[in-house]
Visitor: 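Here's a structure for you.
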Amino acid sequence: MKKLKSFLTNPQTVTGLVILVIMLGLAALAPVICPGNPLFSVGKPLQAPGGDFIMGTDYLGRDVWAMLVWGSRISIIFAFGASLLSLIVGIVLGALSGYIGGWFDDLMCRIFELFYIIPRTFLVILMVAFFGSSVGLMVIIIGITIWPSNAKIMRAQVLTLKSRGYVQAGNVAGGTKLGILFKHIVPNGMGPVLSNSILQMAQAVLTEASLSFLGLGDPNRASWGLILNAGQKHINSAPWLVIYPGIALALLLLAFNLIGTALHKTLNVKQAAME
Amino acid sequence: MSNMTLDNLSKKYVLKAGFFTQLSGRAGVVSAVDQVSFQMEEGEIIGLVGESGCGKTTLGKMLLKIEDITSGSACIDGLDISSVRGRKQTVEFRKKVQMIFQDPYDSLDPKMTIREIVAEPLKALKLCRSGAELQERVSRTLSLVELTPVELYQDRYPHQLSGGQRQRVAIARALVVEPEFIIADEPVSMLDVSLRAGILNLLQRMNREKGIGVLLITHDLATARFLCNRIIVMYLGKFVEITDPTSLVEDALHPYTQLLISSAPDLFTDTSNRIKVEGEAASAVAPPKGCRFSPRCPYAKDVCREKVPELTEYEPRHFVACHKVSKDFSNLYNME
């Protein structure tokens with residue numbers, strides 16, 4: 001509990017959480033803040049910020065602020081969707097690999113490495129070319145390309161935890177092997193995996209933005225990458241098209257990185273002192 | 001109620017060796033426990049005493065099926081441990097035999113409350129039909145180990161308790177299934193001396209009131225003397241002497257036992273006539289031929305270095321494995 005308190009009162013965490021909560025609020029309240037479809041033209045093209053449109057309009061006369069607000073939804077979906085998938089797959093496979101050991105562990109480690117070397121952007125481009133650019137599919141693809149690091153961390157945690165006394169005690173208490181793994185070993189090894197997952201959220205957001213920027217995102221949904229994409233031709237005459245989504249992207253990544261690093265530090269420094 | 005029989009029980013570990021060592025055929029085998037036999041009577045508290053690395057914990061883990069048995073057999077209540085297979089038999093076995101672990105800072109899951117820790121065996125072995133019954137048994141066991149008031153302790157986490165309280169939780173976890181046999185691996189070695197008597201008295205009370213058989217594994221002769229009906233002295237994987245505590249102290253026959261007693265710290269003993277011993281314990285990877293204690297034994301003769309002494313009953317209920325005292329070999333020993 002002391003750990004949790006020091007984590008939550010840490011200025012890094014507070015800054016990160018404030019940014020994240022604002023972003024989540026924007027995403028949740030998008031229909032209230034900016035009613036209507038953000039992709040409809042609502043004014044003159046390339047209008048400078050101020051007046052009716054606080055962040056100006058793009059070359060089709062779409063409101064940048066509305067697109068930014070609705071776009072935060074996509075970023076949040078990618079951040080949480082992909083990292084949740086990566087968390088589940090990584091924990092299960094990593095834990096089993098470390099716990100069972102032997103040839104199974106060898107095999108699993110080779111599989112982790114195989115997934116490590118897949119060029120993520122290339123795979124996503126390929127899948128979008130084949131199956132079209134749906135959000136769900138892209139979340140899954142990003143998720144299944146980032147899980148190996150979670151799996152490796154979980155495996156290492158299991159290797160150190162499985163010889164602990166309370167694991168043997170769980171065996172003597174009559175627990176089944178799987179029960180012991182998921183009741184005693186995994187919960188005690190979760191910390192580093194969680195902090196890695198938060199850092200992966202940033203990775204997922206960035207991947208989505210770069211894909212949309214390249215024009216591979218879902219064209220029917222507003223996203224930050226889409227605004228950047230629309231703005232690249234007009235960067236000299238209408239710089240607000242890249243400045244605002246750029247700031248939004250940087251802030252969200254900053255939030256994830258602050259929280260992730262703070263969590264990592266809390267777990268590492270205090271762990272030794274606690275035990 | 002509860003008895004235990006060990007028959008030529010052995011545990012060997014094959015050392016992982018590099019490719020070339022394996023080619024040369026010199027891959028090491030550690031014989032951690034070497035053909036030990038023993039017959040425990042009902043409701044006894046047996047002490048297993050020996051120095052670090054002599055195989056006491058390995059023996060305890062074999063009896064719990066945490067380690068596999070290499071050869072020989074061990075029976076608890078007439079049930080051959082190596083015949084326990086499958087989930088159903090394992091559950092029955094775990095209901096009978098429980099263990100108190102050595103280190104209370106390592107044996108309790110830091111993420112679980114005291115209630116969850118003590119309830120774990122009940123849930124895993126499906127011993128309670130309702131939540132109320134579960135809570136009732138947990139409360140009863142916690143008050144048995146004097147963690148009272150129960151309401152105050154049961155929702156705490158292990159790190160909020162002191163060492164002695166943690167060890168009581170570990171004992172409660174072993175007792176909650178009402179086992180017939182408990183293996184206590186150094187239950188007090190991590191505790192302050194002031195707390196030891198309380199834990200040992202608790203074990204003794206369990207033994208007297210419920211007839212629970214106890215195998216007390218310890219390196220501390222004083223603990224074993226205080227609690228046990230009989231004491232087994234173990235040296236490098238072998239039982240060297242088995243007797244009751246009084247005769248162990250007053251009438252120890254094996255040179256190793258004499259050495260152990262002589263080296264126990266004591267305020268009132270004149271230290272000048274302590275038995276001095278040369279060298280270190282031999283390695284279990286390449287144990288000496290003959291008696292395993294012979295390289296350090298002040299009385300060792302040729303026969304000790306050649307022939308393994310058998311555990312023989314020298315006096316009624318007093319077993320010893322030493323050529324010097326054994327009737328069969330005393331002639332051979334005295335001839336030299």
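Within every chain, numbering begins at 1; the chains are lettered A, B, ... in the order of the sequence lines, protein sequences first and strands thereafter.
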Visitor: Report the relative orientation of the aromatic rings in A/Trp147 and A/Phe112; use parallel for angles under 30°, tilted for 30 to 60°, perpendicular for over 60°.
Guide: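 Correct class here is perpendicular.
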Visitor: Any side-chain donor-acceptor pair under 3.5 Å between B/Gln160 and B/Gln165?
Guide: no
Visitor: Quick check on B/Leu64 against chain A: is it the side chain, the backbone, both or neither that has a heavy atom closer than 4.5 Å?
Guide: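 Side chain only.
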Visitor: Check for a donor-acceptor pair, side chain of A/Gln168 on one end and backbone N or O of A/Gly165 on the other, with a separation under 3.5 Å.
Guide: no
Visitor: Can you tell me which portion of B/Asp109 sits under 4.5 Å from chain A's heavy atoms? Options are side chain, backbone, both or neither.
Guide: both
Visitor: Distance alone, cut at 3.5 Å: any donor-acceptor contact between the side chains of A/Ser149 and A/Gln200?
Guide: yes
Visitor: Counting only non-hydrogen atoms closer than 4.5 Å, does B/Tyr105 touch chain A with its backbone (N, CA, C, O), its side chain (CB onward), both, or neither?
Guide: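 Backbone only.
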Visitor: Heavy-atom cut-off 4.5 Å, strictly under: side chain, backbone, both or neither for B/Lys61 against chain A?
Guide: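 Contact with chain A is through the side chain of B/Lys61 alone.
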